[in-house]
2 protein chains.
Amino acid sequence: MAVNEGLSRLVARAQPRHRTTAEFVEATLREAILTGVIAPGTPLRQEDLAETFGVSRMPVREALRQLEARALAEFHPHRGAVVAEISAADGADIGAIRMALEPMALRLSLPALTAADLDQAEELIAEMDGEADPGRMGELNRRFHMTLYARAGRPRLLALTEQHLLAADRYLRFQFAALGYRPRSQDEHRALLAACRAGDADEACRLVTEHVGQAAEQLTAFLEGREAG
Amino acid sequence: MAVNEGLSRLVARAQPRHRTTAEFVEATLREAILTGVIAPGTPLRQEDLAETFGVSRMPVREALRQLEARALAEFHPHRGAVVAEISAADGADIGAIRMALEPMALRLSLPALTAADLDQAEELIAEMDGEADPGRMGELNRRFHMTLYARAGRPRLLALTEQHLLAADRYLRFQFAALGYRPRSQDEHRALLAACRAGDADEACRLVTEHVGQAAEQLTAFLEGREAG
DNA sequence: TGCCAGGATATTGGATACAATTTATCACCC
DNA sequence: GGGTGATAAATTGTATCCAATATCCTGGCA
């Protein structure tokens, strides 16, 4: 019996275009956790997952270990894994990491950004303007940020940055699920892009730090209120 | 037959004080990779590792997956895993990440540092002064940095920071193995500690950024020279 | 001589069955 | 009521088998 209806649909839709079964399971589970298809705290029972994916337990265990290393699952020895919990403290943690990584990525990338990159960022802003679907919005936002960082030439840094953008997005979806989705103004993104076009690295870094910091602050306020009451 | 003599000794000495076999294998392998006991590029054959550790292949596979997620091993489907290679590009990457994370960790931690913390940092500097063993030196250096960041109250940020301190240390050991060990002056550490004692966050962050940046630059120069010739 | 095809080989990837270990629960007795 | 031991359920680990695939090597061919 499938533990989770949403996950089953995700598995059915998913293209197993991966090199190994373990990677397929890991990618699908990761998406399910990040998009909120599986709620925080949900037990990830090996047997159930194996059945849902139609595979044996071995690739499932490998996938769970990888999710643990990415802080998307928590292991309790001999009790099993659960989807990572959401907390105000962890949200602030992710925010702090973003505020550290993203200005660095932007500063390294900015001098190498091409006109095509900047135009693509502009298009992404236009798409975000008036986007009604929070999931699509998160993806566009992520792509906008990553477009600006893409030329940093630092694969590790970019991977870490994207990983924490995704983690932040998970938190945002969680907030939207509770409070409803209210699209944000694109003014901050536009100002950031303008600074990039002008080649003003200091100003761009300042803006991105402020932008990320504000988002983290809003989120933390919501989460703390939720934990208090 | 054991693939690696050094690893066998590490396994023999290691206390399996871990919750599960997979975690024991992972921790031991991670230490072996980080300390250079297993050289970059070494194949990590499942069967051999299982025999060396005296366990079956499953916990070994779980351990390898975790090492992959930490960028300490590289997977090639149906060819197996190898110890992560060392390159100038990756060294610069790690340096950039440290330069992003450590000032953030320090800024968050500094206001909460206690007199005991600062005294312990001072002791660590004294120990480093004249330390002849590069391995011990790396550990002391890491503990010095982490002591200053410890009060940040951001577990994720600190874990990431320590992870990349360890990665940088691996590179440093590699350099020492090639060029011989030459102890560095503790002046930069002392200046950093002084700024922390004075509660001067801006100066402390500036110093730590400079300190990390210089270390990364030296390392990159060595690695680029090595790759060129 | 150079090169491509195809098979041999070794290793990983995955499935399955079973034993061991640990945790949590819950009745039971003092 | 609280501690205690049996019990159930889950993960963890082992052993073994087979499949898939990358690499290597050899032989045929231009």
Checklist entry - Can you name the residues that form a side-chain hydrogen bond (donor to acceptor under 3.5 Å, both in side chains) with B:Y171, not counting sequence neighbours? => result B:D90
Checklist entry - More than 12 heavy atoms of other residues, nucleotides or ligands under 6.0 Å from CD of A:E217: is that the case? => result no
Checklist entry - Considering only heavy atoms, which members of residues 60-75 of chain B lie under 4.0 Å from some atom of DNA chain D? => result none
Item to check | For atom CD of B:E23 and atom P of C:dT21, their distance in whole Å | outcome: 18 Å
Checklist entry - Would you call the rings of A:F24 and A:F53 parallel, tilted or perpendicular if under 30° counts as parallel and over 60° as perpendicular? => result perpendicular
Checklist outcome for this item: By side-chain hydrogen bond (donor to acceptor under 3.5 Å, both in side chains), A:E162 pairs with (sequence neighbours left out) none
Checklist entry - Going by heavy atoms in the side chains, are A:E26 and A:E62 under 4.5 Å from each other? => result no
Checklist outcome for this item: Between B:L44 and A:P77, the residue closer to the 5' end of DNA chain C by nearest nucleotide is B:L44
Item to check | Sugar-phosphate, base or nothing in reach of A:A81, heavy atoms under 4.0 Å | outcome: nothing
Checklist entry - Do A:R19 side-chain and C:dG13 base share a donor-acceptor contact under 3.5 Å? => result no
Item to check | Salt-bridge criterion met for A:R45 and A:D48 (N-O under 4.0 Å) | outcome: yes
Checklist entry - Who passes ring pair (Phe, Tyr, Trp, His ring centres under 6.0 Å) against A:F144, sequence neighbours left out? => result A:H189
Next on the checklist: Can you pull out every ring-ring contact (aromatic ring centres under 6.0 Å, His included) where at least one residue sits in residues 62-100 of chain B? Sequence neighbours excluded, please.
Outcome noted: none
Checklist entry - Do the side-chain N or O atoms of B:T20 get closer than 4.0 angstrom to the phosphate oxygens (OP1, OP2) of D:dT12? => result no
Checklist entry - Given atom CZ of B:R57 and atom C1' of D:dT16, what is their separation to the nearest angstrom? => result 10 Å
Item to check | Rounded interatomic separation in angstrom, taking CZ from B:F24 and C1' from C:dT21 | outcome: 17 Å
Checklist entry - Between D:dT14, C:dA15, D:dC17, which nucleotide gets closest to the side-chain atoms of B:M58? => result D:dT14
Checklist entry - So, are A:E139 and A:R142 salt-bridged, with charged N and O less than 4.0 Å apart? => result no
Protein-nucleic acid N or O pairs under 3.5 Å, nucleotides 8-11 of chain C:
residue: C:dT11; atom: O5'; partner: B:R45; partner atom: NH2; Å: 3.2

Next on the checklist: At less than 4.0 Å, is any side-chain N or O atom of B:T21 found next to OP1 or OP2 of D:dT12? Yes or no.
Outcome noted: no
